[in-house]
Asker: 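Handing you a structure now.
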Amino acid sequence: MENNTFPQFFNLTMFVNIGNYRYPAFVLCLLLYATITFFNLVIIVLISREKTLHEPMYIFIMCLSINSLYGSAGFFFRFLRDLLSDTHLIPRTACFAQIYVIYTYASYELTLLGIMAYDRYVAICQPLNYRNKLTSKAVSKLVAFAWIYPSFSVAACVYLSSRLPLCGNKIPKVFCANWPVVKLSCVSTVINNLVGMFVSISTVFLPLAFVMYTYIRIILICRKRSSEFKSKVIQNCLPHIITFVNYSITVFCDVALSRIDLESLNPFLAVILSLEFVVIPPVVNPLVYGLKLAEIRKCLLNVFSCSEPVRMNHKK
């Protein structure tokens with residue numbers, strides 16, 4: 001009974017049998033992971049080394065890149081291994097560890113986006129108080145809150161799920177997720193549902209609502225200002241808006257996928273839709289901030305332009 005209700009392995013059923021195509025797929029996914037790692041490491045190293053970028057907005061961007069490395073590592077290490085495997089059984093402890101990593105990654109992303117929205121709101125709507133409100137101490141507290149609260153709230157959800165007796169071990173995804181595990185339960189999941197709803201509201205919907213609120217306030221301020229002021233606001237806020245919209249769409253797709261029967265969809269489409277949640281934001285974020293924000297773009301150009309004369313002198 002113990003072995004039946006607490007299975008030692010979960011079966012990830014959404015892996016499609018692609019035969020010898022698994023090897024090109026592995027190479028492509030490995031290159032994708034290497035690209036994610038490279039882009040985000042560039043942003044992290046650049047912001048940490050350049051003193052001109054030691055400002056609240058850039059510190060938050062660096063935290064986003066750190067989170068992208070954390071989330072993509074939690075997904076790709078196991079996913080790349082499963083691509084080359086004939087069986088897709090994942091040990092129980094590894095499955096719940098992956099659930100924790102991916103869900104904290106998602107929660108960190110949203111809380112950081114909420115903090116970044118607050119930063120932009122103060123910078124545009126209360127510019128005279130920006131230095132007083134966004135001190136280094138305040139930034140440290142905000143970042144600490146963005147990491148600590150999701151860590152404990154997600155841990156509570158994962159712990160409750162791990163205590164459920166289960167009537168199966170099949171998870172219709174390419175990675176472990178909390179809701180498919182809860183649906184396997186042999187007993188009532190009322191407590192899990194209530195705790196999950198509270199965590200979702202506090203780590204997903206409240207940050208999203210706060211971001212919407214800050215941009216409504218920013219739009220109201222811009223209505224009364226000059227066109228030059230509006231263009232500066234758009235330039236400063238556009239990367240955050242793109243990141244916010246992009247992540248909102250991927251979260252919505254993941255939530256929608258968790259509520260429908262994935263096995264009724266085309267298997268390739270189901271896999272692609274489930275992957276975008278953990279793949280697209282880590283790729284898009286560093287590109288958006290690296291290309292759109294003038295200060296980061298200028299520092300990047302300086303780094304690459306300085307490396308060219310060094311190589312030329314070395315050859316001489």
Side-chain angles (χ1 to χ4, degrees), residues 56-57 59-68 70-72 99-126 134 139 141-158 177-179 193-222 233-234 236-260 273-286 288-289 292:
M57 179 174 66
I59 298 298
F60 298 142
I61 291 171
M62 184 174 71
C63 290
L64 272 184
S65 288
I66 293 171
N67 188 47
S68 293
Y70 167 72
S72 56
I99 291 173
Y100 180 78
V101 171
I102 290 177
Y103 278 64
T104 48
Y105 150 75
S107 301
Y108 295 153
E109 192 88 0
L110 288 166
T111 50
L112 285 170
L113 286 173
I115 290 169
M116 292 172 76
Y118 173 72
D119 172 76
R120 294 298 81 208
Y121 167 74
V122 176
I124 293 167
C125 300
Q126 302 174 12
L134 272 298
V139 170
K141 287 181 178 179
L142 288 171
V143 171
F145 172 77
W147 297 111
I148 292 172
Y149 177 72
S151 298
F152 285 100
S153 59
V154 172
C157 286
V158 174
N178 191 59
W179 180 243
N193 294 338
L194 290 175
V195 172
M197 187 179 298
F198 173 77
V199 172
S200 297
I201 290 171
S202 59
T203 61
V204 178
F205 295 108
L206 284 181
L208 292 179
F210 181 72
V211 172
M212 298 285 288
Y213 167 77
T214 56
Y215 277 109
I216 290 172
R217 293 294 303 271
I218 289 171
I219 290 169
L220 293 175
I221 291 288
C222 288
V233 169
I234 292 172
N236 286 327
C237 294
L238 187 60
H240 184 263
I241 293 172
I242 293 172
T243 305
F244 170 69
V245 172
N246 169 56
Y247 197 72
S248 298
I249 292 171
T250 58
V251 167
F252 173 78
C253 288
D254 187 70
V255 171
L257 285 171
S258 68
R259 304 294 168 175
I260 63 175
L273 290 175
S274 63
L275 284 180
E276 66 174 358
F277 169 63
V278 288
V279 170
I280 292 180
V283 174
V284 171
N285 290 355
V288 168
Y289 287 109
K292 287 291 182 182

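The shown structure was predicted, so the numbers you read here are calculated from the model rather than taken from an experiment.
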Asker: Between atom CD1 of Ile219 and atom CZ of Arg217, what is the distance when rounded to the nearest 0.5 Å?
Answerer: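 The distance works out to 12.0 Å.
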
Asker: Apply the test side chain to side chain contact (heavy atoms under 4.5 Å, CB included) to residues Tyr103 and Val158: give CA-CA distance (whole Å), side-chain angles for both, the deciding distance (0.1 Å), then the verdict.
Answerer: CA-CA 9 Å; Tyr103 278 64; Val158 174; 5.8 Å; no

Asker: Using the side chain to side chain contact (heavy atoms under 4.5 Å, CB included) criterion, which residues pair with Cys157? Sequence neighbours excluded.
Answerer: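 Counting only residues at least two positions away or on another chain, Cys157 forms a side chain to side chain contact (heavy atoms under 4.5 Å, CB included) with Val195, Val199.
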
Asker: Side chains of Tyr100 and Thr104: closer than 4.5 Å at any heavy-atom pair?
Answerer: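 Side chain of Tyr100 against side chain of Thr104, heavy atoms only: contact under 4.5 Å found.
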
Asker: Considering only heavy atoms from C-beta outward, does the side chain of Ile115 approach that of Asp119 to under 4.5 Å?
Answerer: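 In short, these two side chains do not touch, never coming nearer than 4.5 Å.
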
Asker: Working note: Trp179 + Asn193, criterion side chain to side chain contact (heavy atoms under 4.5 Å, CB included); need CA distance, chi angles, decisive distance, verdict.
Answerer: CA-CA 9 Å; Trp179 180 243; Asn193 294 338; 3.6 Å; yes

Asker: Any side-chain heavy-atom pair from Ile249 and Phe244 closer than 4.5 angstrom?
Answerer: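 Heavy-atom side-chain distance check fails, nothing below 4.5 Å.
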
Asker: Using only heavy-atom distances, determine whether the side chains of Tyr149 and Ser202 contain a donor-acceptor pair under 3.5 Å.
Answerer: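 Tyr149 vs Ser202: donor-acceptor pair found between side chains.
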
Asker: Please check: side-chain N/O of Tyr247 versus main-chain N/O of Glu109, any donor-acceptor pairing under 3.5 Å?
Answerer: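 Looks like no, no N/O pair under 3.5 Å.
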
Asker: Does Thr203 reach the side chain of Ser153, with side-chain heavy atoms less than 4.5 Å apart?
Answerer: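 With C-beta onward as the side chain, the pair touches.
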
Asker: So how far is it from Asn246 CG to Leu113 CG, rounded to the nearest 0.5 Å?
Answerer: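 The CG atom of Asn246 sits 9.5 Å away from the CG atom of Leu113.
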
Asker: How long is the gap from CG on Asn178 to CD1 on Ile99, to the nearest 0.5 Å?
Answerer: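 Going from CG on Asn178 over to CD1 on Ile99, the span is 5.5 Å.
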
Asker: Nearest 0.5 angstrom please: Ile59 CD1 to Leu142 CG, how far?
Answerer: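 Answer for the CD1-CG pair, Ile59 versus Leu142, is 12.5 Å.
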
Asker: Check whether any side-chain heavy atom of Pro150 sits under 4.5 Å from a side-chain heavy atom of Thr111, and report yes or no.
Answerer: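 Yes. Closest side-chain heavy atoms under 4.5 Å.
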
Asker: Please confirm whether the ring centroid of His240 lies under 6.0 Å from the ring centroid of Tyr215.
Answerer: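 Yes, ring centres under 6.0 Å apart.
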
Asker: Tell me, which pairs form a ring pair (Phe, Tyr, Trp, His ring centres under 6.0 Å) where one or both residues lie in residues 105-125, sequence neighbours left out?
Answerer: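 As it turns out, the ring pair (Phe, Tyr, Trp, His ring centres under 6.0 Å) pairs with a partner in residues 105-125, which skip direct neighbours, are Tyr70-Tyr108, Tyr108-Trp147.
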
Asker: Can you find a pair of side-chain heavy atoms, one from Ser65 and one from Asn285, that are under 4.5 Å apart?
Answerer: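 No, their side chains stay 4.5 Å or more apart.
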
Asker: List the steps, then state whether side chain to side chain contact (heavy atoms under 4.5 Å, CB included) holds for Leu208 with Ser248.
Answerer: CA-CA 8 Å; Leu208 292 179; Ser248 298; 3.7 Å; yes

Asker: Do the side chains of Met116 and Thr243 get nearer than 4.5 Å, heavy atoms only?
Answerer: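 Side chain of Thr243 against side chain of Met116, heavy atoms only: no contact under 4.5 Å found.
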
Asker: Applying side chain to side chain contact (heavy atoms under 4.5 Å, CB included) to Val283 and Ser68, what does each step give before you reach the verdict?
Answerer: CA-CA 8 Å; Val283 174; Ser68 293; over 6 Å; no

Asker: Measuring only between side-chain heavy atoms, which start at C-beta, is Leu220 closer than 4.5 Å to Cys125?
Answerer: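 Sidechains of Cys125 and Leu220: no contact.
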
Asker: Return the CG to CE distance between Asn67 and Met62, rounded to the nearest 0.5 Å.
Answerer: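 With rounding to 0.5 Å, CG (Asn67) is 12.5 Å from CE (Met62).
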
